[in-house]
Amino acid sequence: QSLVGAVLEARKHGAIRKIYGSLHGIRGVLEENLIDLRRETPANLELVAATPSSALGTVRHKPTPEDCKMIFNVLRRYDVRYFFYIGGNDSAETAHIVNEQSLKVGYQLNCLHIPKTIDNDLRENDHTPGFGSAARFVACAVMGDDLDNRALPGVKIDVVMGRHAGFLTAASALARSHPDDGPHLIYLPEKPFSMSGFIRDVKAVYARLGRCMVVVSEGIADEKGETIAANYERVPLSRVARETRSMPASFINRSGNNVTEAFLRYARPIVGELPRVGYLKDARVARKK
């Protein structure tokens, strides 16, 4: 969606004569592996916009000063003066590095980072594109896992992506529609994790319900109104690059094993309406004595 939005908008401006896509991010520029995005039909671009994953591919590579010299040589050959980089805080840092190096060498280049990360951990953003659909996926997946745990009681633990920020894990709380629905416990990287406290929490839930559904962030470490008005503004790359945004303290309960109503109010309008879950009524047949 972000890629196609940038391409379609660029096509509206006569001053922009060529539009290139770099395959696998900065690596595509270094290897001069570019595609002509003006040749793509609007219909195909719309299909790409509705297709999961990254159409141009991705990469984990931070450019060095030497890389940047090669990058500017390639950009000069194609007379590229606008550089858009899509992704999370690592991608923002790449755009920041390229921008700083272009200023040092005197190459006229406008560098812009387009926020796009399921982790929702970019500073200067209320929520990032990618989070809503991923949070919905997590909520729906946990709904199904909770029904599985209800059918065959036990202790079930789901691990959700998020090394430093727990927004995606916290979205699992949206799966609850009945008082005894899971997840019963949620652990986020913003709070220190205690194994003894975890075992105590699980035992308490199991004693009460005969089962326990737990959702944890991959990054947890041992202790050491429902409408949205969008507002867009440019901020310096340095304020978004590298550093991650964490869950606010008001979104996590005092015990560190659940989320608060404040988070649910924040997440519901972003995620949208979830499927309704039905249960069989507990109308047991009385046995004859």
Chemist: Give a yes or no answer on whether the side chain of Asp201 reaches the backbone of Ile199 with a donor-acceptor pair at less than 3.5 Å.
Modeler: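 No: the side chain of Asp201 does not pair with the backbone of Ile199.
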Chemist: Mind checking the NZ-CZ spacing from Lys191 to Arg254? Nearest 0.5 Å is all I need.
Modeler: 9.0 Å
Chemist: Measuring only between side-chain heavy atoms, which start at C-beta, is Val235 closer than 4.5 Å to Val240?
Modeler: yes
Chemist: Answer whether the closest heavy-atom distance between the side chains of Ile157 and Val216 falls below 4.5 Å.
Modeler: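 Ile157 reaches Val216 side chain to side chain.
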Chemist: Output yes when Arg150 and Asp180 qualify as a salt bridge under the 4.0 Å nitrogen-oxygen rule, no when they do not.
Modeler: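 Yes, this pair counts.
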Chemist: Quick one: CD on Glu100 to CD1 on Ile97, what's the gap to the nearest 0.5 Å?
Modeler: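 Here the interatomic distance stands at 9.5 Å.
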Chemist: Can you confirm whether Ile118 sits close enough to Met161 that some side-chain heavy atom of one is under 4.5 Å from a side-chain heavy atom of the other?
Modeler: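 Side chain of Ile118 against side chain of Met161, heavy atoms only: contact under 4.5 Å found.
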Chemist: To the nearest 0.5 Å, how far apart are NZ in Lys116 and OG in Ser91?
Modeler: 11.5 Å
Chemist: Can you name the side-chain hydrogen bond (donor to acceptor under 3.5 Å, both in side chains) partners of Glu40, sequence neighbours left out?
Modeler: Asn44
Chemist: Could you pull out the closest heavy-atom pair between Ala95 and Tyr85, with the gap in Å?
Modeler: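 So the minimum-distance heavy-atom pair works out to CB-CB, 4.2 Å.
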Chemist: Using atom types as modelled and distance alone, determine if a side-chain donor or acceptor of Asn253 lies under 3.5 Å from a backbone N or O of Asn257.
Modeler: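 Indeed, once roles are kept as given, a pair shorter than 3.5 Å links the two residues.
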Chemist: Can you pull the ring-ring contact (aromatic ring centres under 6.0 Å, His included) pairs that have at least one residue in residues 32-68, sequence neighbours excluded?
Modeler: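 Pairs touching residues 32-68 that pass the test: none.
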Chemist: Using residues 162-171 as the side-chain source, report each donor-acceptor pair under 3.5 Å to any protein atom, sequence neighbours left out, with the distance given to one decimal.
Modeler:
residue : atom : partner : partner atom : Å
Thr169  : OG1  : Ser217  : OG           : 2.6

Chemist: Who passes salt bridge (charged side-chain N to carboxylate O under 4.0 Å, His left out) against Arg234, sequence neighbours left out?
Modeler: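 None.
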Chemist: Answer whether the closest heavy-atom distance between the side chains of Asp119 and Phe131 falls below 4.5 Å.
Modeler: no
Chemist: For Leu174 versus Arg268, what's the shortest heavy-atom pair and its separation?
Modeler: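 Minimum heavy-atom contact is CD2-CG, 3.6 Å.
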Chemist: What is the distance from atom CD of Gln1 to atom OG1 of Thr51, rounded to the nearest 0.5 Å?
Modeler: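 Taking CD in Gln1 and OG1 in Thr51, the distance rounds to 9.5 Å.
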Chemist: In terms of heavy-atom contacts, does NZ of Lys62 have more than 12 from other residues, nucleotides or ligands at under 6.0 Å?
Modeler: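 Atom NZ in Lys62 is packed in, count exceeds 12.
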Chemist: Considering only heavy atoms from C-beta outward, does the side chain of Tyr107 approach that of Arg81 to under 4.5 Å?
Modeler: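 Contact flag for Tyr107/Arg81 side chains = yes.
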Chemist: Identify the two heavy atoms, one from Pro275 and one from Cys140, that lie closest to each other, and give their separation to 0.1 Å.
Modeler: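 Heavy-atom minimum between the residues: CD-SG, 3.7 Å.
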Chemist: Between Lys12 and Glu9, does a side chain to side chain contact (heavy atoms under 4.5 Å, CB included) hold up when you go through it step by step?
Modeler: CA-CA 5 Å; Lys12 298 176 184 177; Glu9 179 62 28; 3.4 Å; yes
Chemist: Under a 4.5 Å side-chain heavy-atom rule over Ile, Leu, Val, Met, Phe, Trp and Tyr, are Leu8 and Val48 clustered together?
Modeler: yes
Chemist: Do Met195 and Tyr206 sit in one hydrophobic cluster, given that two such residues count as connected whenever their side-chain heavy atoms are within less than 4.5 Å of each other, even indirectly?
Modeler: yes
Chemist: Would you be so kind as to tabulate the donor-acceptor pairs closer than 3.5 Å made by side chains of residues 14-26, with sequence neighbours excluded?
Modeler:
residue : atom : partner : partner atom : Å
Arg17   : NH2  : Asp79   : OD2          : 3.4
Ser22   : OG   : Gly25   : O            : 2.5
Ser22   : OG   : Val29   : N            : 3.1
His24   : ND1  : Thr58   : O            : 3.2

Chemist: Taking atom CG of Asp145 and atom CG of Asp158, what is their separation to the nearest 0.5 Å?
Modeler: 4.0 Å
Chemist: Tell me whether Tyr82 is reachable from Leu237 by hopping between hydrophobic residues (I, L, V, M, F, W, Y) whose side-chain heavy atoms are closer than 4.5 Å.
Modeler: no
Chemist: Between Arg176 and Pro183, is there a donor-acceptor pair closer than 3.5 Å when you use the side chain of the first and the backbone of the second?
Modeler: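 Looks like yes, one N/O pair under 3.5 Å.
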Chemist: How close do Ile270 and Gly132 get, counting heavy atoms only, and between which atoms?
Modeler: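 Heavy atoms of Ile270 and Gly132 come nearest at CG2-CA, 3.7 Å.
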Chemist: Quick check against the 3.5 Å criterion: does Asp148 have a side-chain atom that pairs as donor or acceptor with the backbone of Gly144?
Modeler: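 Answer holds: no.
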Chemist: If you compare all heavy atoms of Arg38 against all heavy atoms of Ala10, which two are closest, and at what distance to 0.1 Å?
Modeler: NH2-O, 4.1 Å
Chemist: Measuring only between side-chain heavy atoms, which start at C-beta, is Leu30 closer than 4.5 Å to Ile71?
Modeler: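 In contact.
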Chemist: Is the side chain of Thr117 donor-acceptor paired with the backbone N or O of Gly87 at a distance under 3.5 Å, no angle test?
Modeler: no
Chemist: Are side-chain N/O atoms of Asn258 and Tyr187 paired as donor and acceptor at under 3.5 Å?
Modeler: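 Result is no, nothing qualifies.
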Chemist: Would you check if Met213 and Val155 make a side-chain contact, meaning some heavy-atom pair closer than 4.5 Å?
Modeler: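 With C-beta onward as the side chain, the pair stays apart.
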Chemist: Taking NZ, NE, NH1 and NH2 as the nitrogens, is one of them in Arg211 or Asp146 under 4.0 Å from a carboxylate oxygen of the other?
Modeler: yes
Chemist: Following the transitive rule for hydrophobic clusters with a side-chain heavy-atom cut-off under 4.5 Å over Ile, Leu, Val, Met, Phe, Trp and Tyr, establish whether Tyr78 and Leu75 coincide in one cluster.
Modeler: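 Result: yes, single cluster for both.
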Chemist: Under the side chain to side chain contact (heavy atoms under 4.5 Å, CB included) rule, what do Cys212 and Leu185 come out as? Steps first, then yes or no, please.
Modeler: CA-CA 8 Å; Cys212 185; Leu185 299 168; 3.9 Å; yes
Chemist: Hydrogens and angles aside, do Thr64 and Asp67 bring a side-chain donor and acceptor to less than 3.5 Å of each other?
Modeler: yes
Chemist: Is there a path from Val160 to Val271 through hydrophobic residues (I, L, V, M, F, W, Y) whose side chains come within less than 4.5 Å of each other?
Modeler: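 Linked within one cluster.
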Chemist: Is it the case that the side chain of His113 and the backbone of Glu93 share a donor-acceptor pair, with hydrogens and angles ignored and the cut-off at 3.5 Å?
Modeler: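 Checked: no pair found.
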Chemist: Could you go step by step and tell me if Ser246 and Asp121 meet the side chain to side chain contact (heavy atoms under 4.5 Å, CB included) rule?
Modeler: CA-CA 6 Å; Ser246 299; Asp121 62 352; over 6 Å; no
Chemist: Donor-acceptor check, side chain of Arg245 to backbone of Asp126, threshold 3.5 angstrom: yes or no?
Modeler: yes
Chemist: Taking atom CG of Leu3 and atom CG of Leu45, what is their separation to the nearest 0.5 Å?
Modeler: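 Spacing of CG (Leu3) from CG (Leu45) equals 7.5 Å.
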Chemist: Is there side-chain contact between Phe198 and Val214, with heavy atoms separated by less than 4.5 Å?
Modeler: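 In short, these two side chains touch, coming nearer than 4.5 Å.
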Chemist: Would you call Arg77 and Glu32 a salt bridge, taking side-chain N to carboxylate O under 4.0 Å as the test?
Modeler: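 Counted as a salt bridge, because a side-chain N and a carboxylate O are separated by less than 4.0 Å.
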Chemist: Looking at Pro63 and Thr94, what are the two nearest heavy atoms and their distance?
Modeler: CD-CG2, 3.7 Å
Chemist: For the pair Ile252 and Thr260, evaluate side chain to side chain contact (heavy atoms under 4.5 Å, CB included) and give the outcome as yes or no after the intermediate values.
Modeler: CA-CA 6 Å; Ile252 309 171; Thr260 64; 5.7 Å; no
Chemist: Write out all pairs satisfying ring-ring contact (aromatic ring centres under 6.0 Å, His included) with one or both partners inside residues 234-261, taking only residues at least two apart or from two chains.
Modeler: Phe251-Phe263, Phe251-Tyr266
